[in-house]
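Written below as structure tokens is the structure these notes are about.
Counting from 1, the numbers follow the sequence of the chain as shown.
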Amino acid sequence: MAQHILIVDDEESIVTLLKYNIEQAGFTTEVAYTGKDALDKANEQVFDLIVLDVMLPEMDGMEVCKQMRQKQVQTPILMLTAKDDEFDKVLGLELGADDYLTKPFSPREVVARMKAILRRVTYHSNSSEEERESFKIADLMVYPEQYEATVKGEGLILTPKEFELLLYLTRNKGRVLSRDQLLSAVWNYDFVGDTRIVDVHISHLREKIEPDTKKPVYIKTIRGLGYKMEDPSKDA
């Protein structure tokens, strides 16, 4: 079955262009022209990915993204904007977007970014042995194929990007990873040297997996270097 994409933009010409190219790439599409309409459709239907413009009537894309994540809608989001503003870029990703494109862009680039996101969040039955395995660190379990993680048997509600970051840290347990390394590995490109987004996602992960966020036992900060995933049971 073709993957289903929600296209959200208030400019009809852009919607038409994106719809044509995305469908030509083998996807099915639904469209929304306002933030409210996008939020309603995301709550009512299941989409594989949302292409979301920032500048929208009624409710902007940042607010749409924020509300989706608050309602635990974890559908991957590719944000589009006419603004070439580093603050907007980081803010959008902090709110839970998975990637970001600045207008003007080529439809091919949009489709390429979509496919890259979907590759990262979709696992098939012929996944590799590494993808089928699970990871256990004390009370934390990470299941790459299911895109799931638990602490003490309780399921964690993670955005796709939070899960990817957790998985990368877990697979590299015991290794000190710099912010630049994490940015490159999880986001696939850097944000002009701005690593704040890594710190924000680490903070979000700690809120979900650490018994005490002020004294983290899983994700340790290595001052001046970066972060390291440790096994607290080894110190028990």
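Side chains of Arg171 and Met229 form no contact here, defined as non-hydrogen atoms less than 4.5 Å apart. Counting heavy atoms from C-beta on, the side chains of Tyr100 and Leu78 never come closer than 4.5 Å. With a 4.5 Å cut-off on side-chain heavy atoms, Asn43 and Val73 count as touching. Inter-residue side-chain proximity for Lys208 and Leu158 is flagged as met; some heavy-atom pair is nearer than 4.5 Å. Put simply, the side chain of Lys41 reaches to within 4.5 Å of the side chain of Leu6, judged on heavy atoms. Put simply, the side chain of Asp139 does not reach to within 4.5 Å of the side chain of Thr150, judged on heavy atoms. Side-chain contact between Phe27 and Leu118 is present, with at least one heavy-atom pair separated by less than 4.5 Å. In this structure, the side chains of Val64 and Val8 stay at 4.5 Å or more apart for every pair of heavy atoms.
In this structure, Tyr143 and Phe163 approach most closely via the heavy-atom pair O-CZ, 3.6 Å. The nearest pair of heavy atoms linking Leu166 to Ala149 is CD2-CB, 3.8 Å. Taking both residues in full, the closest heavy atoms of Thr29 and Glu23 are given as OG1-OE2, 2.6 Å, listed atom of the first, atom of the second, then distance. The shortest heavy-atom contact between Pro144 and Leu167 is CG-CD1, 3.7 Å.
Within 6.0 Å of NZ in Lys36 there are 12 or fewer heavy atoms belonging to other residues, nucleotides or ligands. Heavy atoms of other residues, nucleotides or ligands lying less than 6.0 angstrom from CD of Glu207 number more than 12. Residue Gln70 qualifies as enclosed at atom CD: its count of foreign heavy atoms under 6.0 Å is above 12. By the 6.0 Å contact criterion, CZ on Phe105 is enclosed, its count of non-hydrogen atoms from other residues, nucleotides or ligands being greater than 12.
Proximity of a side-chain donor or acceptor of Arg206 to a complementary backbone N or O of Ile219 within less than 3.5 Å is detected. Using a distance-only test at 3.5 Å, with no hydrogens or angles considered, no donor-acceptor pair links the side chain of Asn21 to the main chain of Pro107. A donor-acceptor pair under 3.5 Å is formed between the side chain of Glu210 and the backbone N or O of Tyr218. In terms of modelled atom types and a separation under 3.5 Å, the side chain of Lys136 and the main chain of Ala138 share a donor-acceptor contact. Without hydrogens or angle criteria, Lys161 side chain to Val186 main chain gives a donor-acceptor distance under 3.5 Å. At distances below 3.5 Å, not a single donor-acceptor pair connects side-chain atoms of Ser203 with backbone N or O atoms of Asp199.
For Glu230 and Lys173, the salt-bridge test fails: no basic side-chain N is under 4.0 Å from an acidic carboxylate O.
For the 3.5 Å distance criterion, the side chains of Arg69 and Thr75 fail to qualify, holding no donor opposite an acceptor. Judged purely by distance below 3.5 Å, without hydrogens or angles, the side chains of Glu164 and Tyr147 pair a donor atom with an acceptor atom. Between the side chains of Gln74 and Thr159, no donor-acceptor pair is found at a separation under 3.5 Å. Between the side chains of Ser233 and Asp231, a donor-acceptor pair is found at a separation under 3.5 Å.
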Worked verdict on Val151 versus Leu156 for side chain to side chain contact (heavy atoms under 4.5 Å, CB included): CA-CA 7 Å; Val151 171; Leu156 301 175; 3.9 Å; yes
Side chain to side chain contact (heavy atoms under 4.5 Å, CB included) assessment of Phe47 paired with Ile5: CA-CA 6 Å; Phe47 295 97; Ile5 311 299; 6.0 Å; no
Stepwise side chain to side chain contact (heavy atoms under 4.5 Å, CB included) check, Tyr227 with Arg179: CA-CA 8 Å; Tyr227 298 101; Arg179 290 170 175 82; 3.3 Å; yes
Intermediate values then yes/no, side chain to side chain contact (heavy atoms under 4.5 Å, CB included), Thr34 and Asp10: CA-CA 6 Å; Thr34 70; Asp10 63 332; over 6 Å; no
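One finds the CG atom of Leu101 at 12.5 Å from the CG atom of Leu52 (value rounded to the nearest 0.5 Å). Separating the NZ atom in Lys19 from the CD1 atom in Ile14 is a distance of 15.5 Å, to the nearest 0.5 Å. Atom CG of residue Leu225 and atom CD of residue Gln181 lie 10.0 Å apart, to the nearest 0.5 angstrom. Distance check: Cys65 SG to Ile77 CD1 gives 4.0 Å after rounding to the nearest 0.5 Å.
When hydrophobic clusters are built by joining Ile, Leu, Val, Met, Phe, Trp and Tyr residues whose side-chain heavy atoms come closer than 4.5 Å, directly or via intermediates, Val217 is grouped together with Ile137.
Qualifying side chain to side chain donor-acceptor pair (under 3.5 Å) partners for Asn172, counting only residues two or more places apart in sequence or in other chains: Arg175. Residues that satisfy the side-chain contact (heavy atoms from CB on, under 4.5 Å) test with Ala42, not counting sequence neighbours, are Ile50, Met68.
Here side chain to side chain donor-acceptor pair (under 3.5 Å) pairs that include residues 53-66, with residues two or more places apart or in two chains, are Asp53-Lys103, Glu63-Gln67.
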